[in-house]
Trainee: 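Supplied in structure tokens, the structure appears directly below.
Just follow the structure's listing: the first ligand is 1, and inside any ligand the first atom is 1.
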Amino acid sequence: MKIGILISGRGSNMTALADAVVAGHIPGAEIVVVISDHEEAAGLARAAERGIMTLAIERRGRTRFEHDGEILSALRLHGVDLVCLAGYMRLLSTEFIEAYRNRILNIHPSLLPAFRGLDVQQQAIDHGVKISGCTVHFVNADLDAGPIILQRAVEVRDDDGAETLAARILEQEHRAYVEAVGRIASGRITITGRRTFFT
Ligand code: GRF
């Protein structure tokens, strides 16, 4: 299974996946390309250090359709079977989502469907929840709303700020993403409506 990862920033989930593949924790998987929507993304260097092909495909000066089309071409050129969004900060076009229907994953730092969108660790604190966490899900046309693959819970402490909570959730994100991609790579995930099953 050839994986392409899309990033916009530091890329810690990307490196967690890359390191898990090298360690043999995701049998049958290979990360063939890491693509960022801007060339300053710190994660690009972290991918290159690991010997992974990197590309920066800038959004500037392109429509979403054109930009996504260019990313799609690159993914196809590298024979990508599964797309992992890892801190990719742009919405995908419906054309992109259809082209990789049920083959795009995202990691989100809350227990969906609670707290969609941005700054969700602060949203969780402001709402007063006692448990938050992370969710790995398939990407569909609705923001942060595709079928859930797995979730990990994290306690929200009384003295948490967004940063401390984000740091503890991030540790669980790395584990959850590796486990979810492992489930997909083993071909044992089925989707029925909104539900996914690991057989
Ligand atoms: C993570 O918290 C992820 O859940 C969210 O964006 C952040 C990306 O972090 N979608 P990193 O770039 O993987 O370190």
Side-chain angles (χ1 to χ4, degrees), residues 3-23 25-26 29 31 33-50 52 54-57 59 71 82-92 96-97 100 104-127 129 131-156 160-184:
I3 299 174
I5 305 182
L6 304 191
I7 64 169
S8 296
R10 68 190 161 188
S12 73
N13 279 288
M14 178 274 299
T15 55
L17 289 171
D19 294 346
V21 166
V22 169
H25 296 152
I26 313 180
I31 296 169
V33 66
V34 170
I35 300 175
S36 168
D37 59 334
H38 60 97
E39 62 189 4
E40 303 81 36
L44 285 178
R46 302 174 79 183
E49 277 164 16
R50 289 165 169 77
I52 301 170
T54 61
L55 289 171
I57 301 179
R59 170 71 199 272
I71 294 173
L82 179 75
V83 179
C84 293
L85 307 184
Y88 185 65
M89 299 306 286
R90 295 198 175 278
L91 296 175
L92 298 175
F96 190 117
I97 292 167
Y100 274 93
I104 310 171
L105 307 186
N106 183 44
I107 177 98
H108 181 81
S110 78
L111 293 178
L112 290 171
F115 312 125
R116 294 177 182 167
L118 296 174
D119 296 324
V120 296
Q121 299 91 345
Q122 189 62 54
Q123 286 187 50
I125 290 169
D126 292 346
H127 195 90
V129 295
I131 304 276
S132 189
C134 61
T135 303
V136 184
H137 63 94
F138 286 106
V139 172
N140 65 15
D142 302 316
L143 180 67
D144 299 328
I148 290 169
I149 300 166
L150 63 83
Q151 299 185 296
R152 277 176 170 258
V154 171
E155 184 192 358
V156 180
D160 263 332
E163 283 186 12
T164 56
L165 179 58
R168 287 205 316 289
I169 292 175
L170 192 65
E171 282 176 29
Q172 299 307 318
E173 290 184 36
H174 297 162
R175 294 179 188 183
Y177 221 171
V178 168
E179 195 179 327
V181 173
R183 289 184 185 188
I184 306 269

Trainee: Is a side-chain donor or acceptor of Gln123 paired with a backbone partner of Leu118 at a separation under 3.5 angstrom?
Mentor: yes
Trainee: For atom 1 (C) of ligand 1, what's the nearest protein heavy atom and its distance?
Mentor: Glu173 OE1, 3.1 Å
Trainee: For atom 8 (C) of ligand 1, which of Gly87, Gly43, Ala16 has the closest heavy atom?
Mentor: Gly87
Trainee: Give me the residue, atom name and distance of the protein heavy atom closest to atom 9 (O) of ligand 1.
Mentor: Arg10 NH2, 3.2 Å
Trainee: Taking only non-hydrogen atoms of Ile7, do any sit less than 4.0 angstrom from ligand 1?
Mentor: no
Trainee: Just checking, any donor-acceptor pair under 3.5 angstrom between side chains of Thr164 and Asp160?
Mentor: yes
Trainee: Please confirm whether the backbone N or O of Glu163 pairs with a side-chain atom of Gln121, one donor and one acceptor, at under 3.5 Å?
Mentor: no
Trainee: Give me the residue, atom name and distance of the protein heavy atom closest to atom 12 (O) of ligand 1.
Mentor: Gly11 N, 2.9 Å
Trainee: Before signing off on this row, confirm whether Asn13 and ligand 1 have an N or O atom pair separated by under 3.5 Å.
Mentor: yes
Trainee: Quick check against the 3.5 Å criterion: does Ser110 have a side-chain atom that pairs as donor or acceptor with the backbone of Val120?
Mentor: no
Trainee: Going by an N to O cut-off under 4.0 Å, is there a salt bridge joining Arg183 and Glu179?
Mentor: yes
Trainee: I need the nearest protein heavy-atom contact for atom 10 (N) of ligand 1: residue, atom name and distance, please.
Mentor: Ile107 O, 3.1 Å
Trainee: Is it the case that more than 12 heavy atoms not belonging to Asp119 sit under 6.0 Å from its CG atom?
Mentor: no
